[in-house]
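Here's the structure we're looking at; comments come further down.
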Amino acid sequence: MTDPQLRRGLLDACVLAALCRGESHGYQIVKDLTPSVKISESTLYPILRRLEDAGCLVHRSVEHNGRLRKLYSITPLGRRRIDDFLESRAEVEAIYDFVRRQRDEQG
């Protein structure tokens, strides 16, 4: 099981990445992520609110089939968060390698 804080950061990055192709609504984001990441709509919407509050995305409302639908778009700050996430890869891999070596040395 993944640490909840680690999972939260990973899911934030995945949601932002899903919006890099253009604006999208919640259900489509879930569909886009599902092949790689297990996420439900009930998990997604708090993430969207948190990322919007942080200035990483914005939304606009449009009418669709008689209902209002929120379409989310990534902001420049959200793109910087993705860049930061990708730049941290080497550091994360080094930590995993350290943990693995320590475990393997202990037998």
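Positions are given from 1, in the same order as the sequence printed here. These numbers come from a predicted model, not from an experiment.
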Indicate yes or no: does Asp3 engage Arg8 in a salt bridge with an N to O separation below 4.0 Å. no
Gap between atom CZ of Arg7 and atom CG of Leu10 - 0.5 Å precision: 8.5 Å
Of all heavy-atom pairs linking Thr43 and Leu11, the shortest is CG2-CD1, 4.1 Å
Using the side-chain contact (heavy atoms from CB on, under 4.5 Å) rule, take Tyr72 and Val58 through it: C-alpha gap first, then chi angles, then the decisive distance, then the call. CA-CA 6 Å; Tyr72 297 90; Val58 294; over 6 Å; no
Compare every heavy atom of Cys14 with every heavy atom of Val37, then report the nearest pair and how far apart it is. CG2-SG, 3.8 Å
Considering only heavy atoms from C-beta outward, does the side chain of Asp12 approach that of Arg81 to under 4.5 Å? yes
Yes or no on side-chain contact (heavy atoms from CB on, under 4.5 Å) for Ser24 and Leu19, after CA distance, side-chain angles and deciding distance? CA-CA 7 Å; Ser24 188; Leu19 292 170; 3.9 Å; yes
Heavy-atom check, side chain of Glu52 versus side chain of Leu48, under 4.5 Å: no
Nearest 0.5 Å please: distance from the CD atom of Glu87 over to the CG atom of Asp83. 6.0 Å
Side-chain heavy-atom pair Glu23, Arg60 within 4.5 angstrom cut-off: yes
Closest non-hydrogen contact found for Ser61 with Leu68 is CB-CD2, 4.4 Å
Can you tell me if Ser88 uses its side chain to pair, donor with acceptor, with the backbone of Phe85 under 3.5 Å? yes
Could you give the distance from SG (Cys56) to CZ (Arg50), rounded to the nearest 0.5 Å? 10.0 Å
Testing the basics here: between Ile74 and Cys20, what is the closest heavy-atom pair and its distance to 0.1 Å? CD1-SG, 4.1 Å
Please enumerate all residues that pass side chain to side chain contact (heavy atoms under 4.5 Å, CB included) together with Tyr27, with sequence neighbours excluded. His25, Lys31, Glu41
Which atom of Ala54 lies closest to which atom of Leu77, heavy atoms considered: O-CD2, 3.2 Å
Could you measure the distance from the CD1 atom of Ile29 to the CD1 atom of Ile39? Nearest 0.5 Å is fine. 8.5 Å
side-chain contact (heavy atoms from CB on, under 4.5 Å) assessment of Ile95 paired with Glu91: CA-CA 6 Å; Ile95 292 167; Glu91 181 181 358; 4.3 Å; yes
On a heavy-atom basis, which atom in Leu16 and which in Leu57 lie closest, and how many Å separate them? CD2-CD2, 4.4 Å
Using a strict cut-off of less than 4.0 Å between a Lys/Arg side-chain nitrogen and an Asp/Glu carboxylate oxygen, indicate whether Glu93 and Arg89 qualify as a salt bridge. yes
side-chain contact (heavy atoms from CB on, under 4.5 Å) for Phe98 and Arg100? Distances and angles first, verdict last. CA-CA 5 Å; Phe98 170 79; Arg100 183 175 289 120; over 6 Å; no
